[in-house]
Amino acid sequence: MTGIYVHIPFCKSKCPYCNFFSLASRKYKLTFLQALSREVELTSGYLEGQPVTTVYFGGGTPSVYPPAALQQILETIANTHKVIGWNSHGIIPGSSIAHDSMEDYRPPAIPAEITLEINPDDVTVAFVGELKQTAFNRISLGVQSFDMDDLGYLQRTHSTDRSMQAVRLLQEAGYENISIDLIYGIPGSSAERWHRTLETAFALEVSHISVYALTVEPGTILSWMIERQRSAPTDEELLVSQYHLLTRMAVDHGFEQYEISNFSRPGWHSKHNTGYWQGTHYLGLGPSAHSYNGIARRWNGTNLNEYLQGVTEGRLKFEEETLTPEQKYNEYVMTSLRTMWGCDSNKINKDFGSPVYNFFRKQVALSMQQELVQETSGIYFLTERGKLFADRIASDLFLV
Ligand code: SF4
């Protein structure tokens, strides 16, 4: 099983908190699609013929393009790689399967999960009609909040009504596998405002919700605004209280927290993201996209002109790093601890040897004493309190 990620680097405007590679200009929109098709050809051997079980179009905002244009890229991918379930009619939209453990978890043979990130602004009756003619069978909507003041702070261009209408239009068209993104810890927000956003999200009966704390990344407009006191800084107490409200309401509504930032109805996990946490191989296409083949990680540059020129001339420009066993161990610990499947010490023993296993056991005992981590049959999980300190706990377990 492998995945393919396609990065579309255009947005209608640049959100102040965003540190993804995206441009508000659409100058090279057409040229970019041609370059992307060429990159698919140039990287055709990267996955070595392994079946592709997930494809994810993210960005940026892929929905700056009409669905038919994105379908053409999908078709180029399917003509080059073995996308599971692809036939001359494309993919039949399908449902997810439930699974009990990270090891048991394998995506269904048919069909591949094919996700499209969409901005709520772009969802119209005509857009959805065209989308239904494509192979996308999972939709990720960048809602961020159902509160107009929050959306104003984030400088998003859509309204809460527009987001709700987008979900309904997609559901009426038959999409069951819909995820929405939310952000908490927004300065000026409150328990009541966050409660209303969550109530609205769960009432819409989507299958998946990704929820991220607002982080102030260096170099973003938000960071600049906070430094000059033009925006209030994020508030740690607000973040913690809103996180607790989120996890309580998720349980009340029957959602599983299968990863710290990801909640779904049972069985409706994102197979693509779960693949990253499982260490499956993936190919990234487009500027800034990362790829991994089990040996090395490589990433495309973030200069759109260089990307377009290089790919057009048949030269791929990327940086590459071969992962050491220590780096692989660190990545396994960091990602697995964040999931509900936990970090398996037996796997650490098998894959990295007894000295690493003994190191892990010794280090993790400290977090267990503080009741941040608990263990069942050699598998270690973050406690509810531990989830608030996931990064620090993982780094305490790292091999330097
Ligand atoms: S729409 Fe998304 S990718 Fe584009 S600028 Fe805003 S946060 Fe970044």
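Numbering of ligands and ligand atoms starts at 1, following listing order.
- Checking Cys11 against atom 4 (Fe) of ligand 1, an N/O/S atom falls under the 2.8 Å cut-off.
- Counting non-hydrogen atoms of other residues, nucleotides and ligands closer than 6.0 Å to CD of Glu371 gives a total of 12 or fewer.
- The residue from Glu113, His208, Glu256 that alone fulfils the side chain to side chain donor-acceptor pair (under 3.5 Å) condition with His269 is Glu256.
- Every atom of ligand 1 is numbered from 1 in the order shown, and the set under 4.0 Å from a heavy atom of Thr61 is 1 (S), 4 (Fe).
- At a heavy-atom cutoff of 4.0 Å, ligand 1 is contacted by no atom of Asn119, backbone or side chain.
- Heavy atoms of Arg156 found under 4.0 angstrom from ligand 1 belong exclusively to the side chain.
- A salt bridge does not link Arg248 with Asp252: none of the charged nitrogens is closer than 4.0 Å to a carboxylate oxygen.
- Side-chain contact check for His290 and Tyr292: no donor-acceptor pair (N or O, by modelled atom type) lies under 3.5 Å.
- In this structure, Gly60 counts as a contact residue of ligand 1, since one of its heavy atoms falls inside 4.0 Å of the ligand.
- Looking at Ser22 against ligand 1, only its side chain comes within 4.0 Å, counting heavy atoms.
- Residue contact check for ligand 1: Ser13 places a non-hydrogen atom closer than 4.0 Å to it.
- Annotation: Tyr329 is not in aromatic contact with Phe398 [ring centroid separation under 6.0 Å not met].
- In terms of protein heavy atoms, atom 8 (Fe) of ligand 1 is closest to Cys18 SG, 2.3 Å.
- Ranking protein heavy atoms by distance to atom 6 (Fe) of ligand 1, first place goes to Cys15 SG, 2.4 Å.
- The side-chain tip of Lys347 points at the ring of Tyr332 from less than 6.0 angstrom away and within 45° of straight on.
- One side chain, Tyr380 or Arg361, offers a donor N or O that lies under 3.5 Å from an acceptor on the other.
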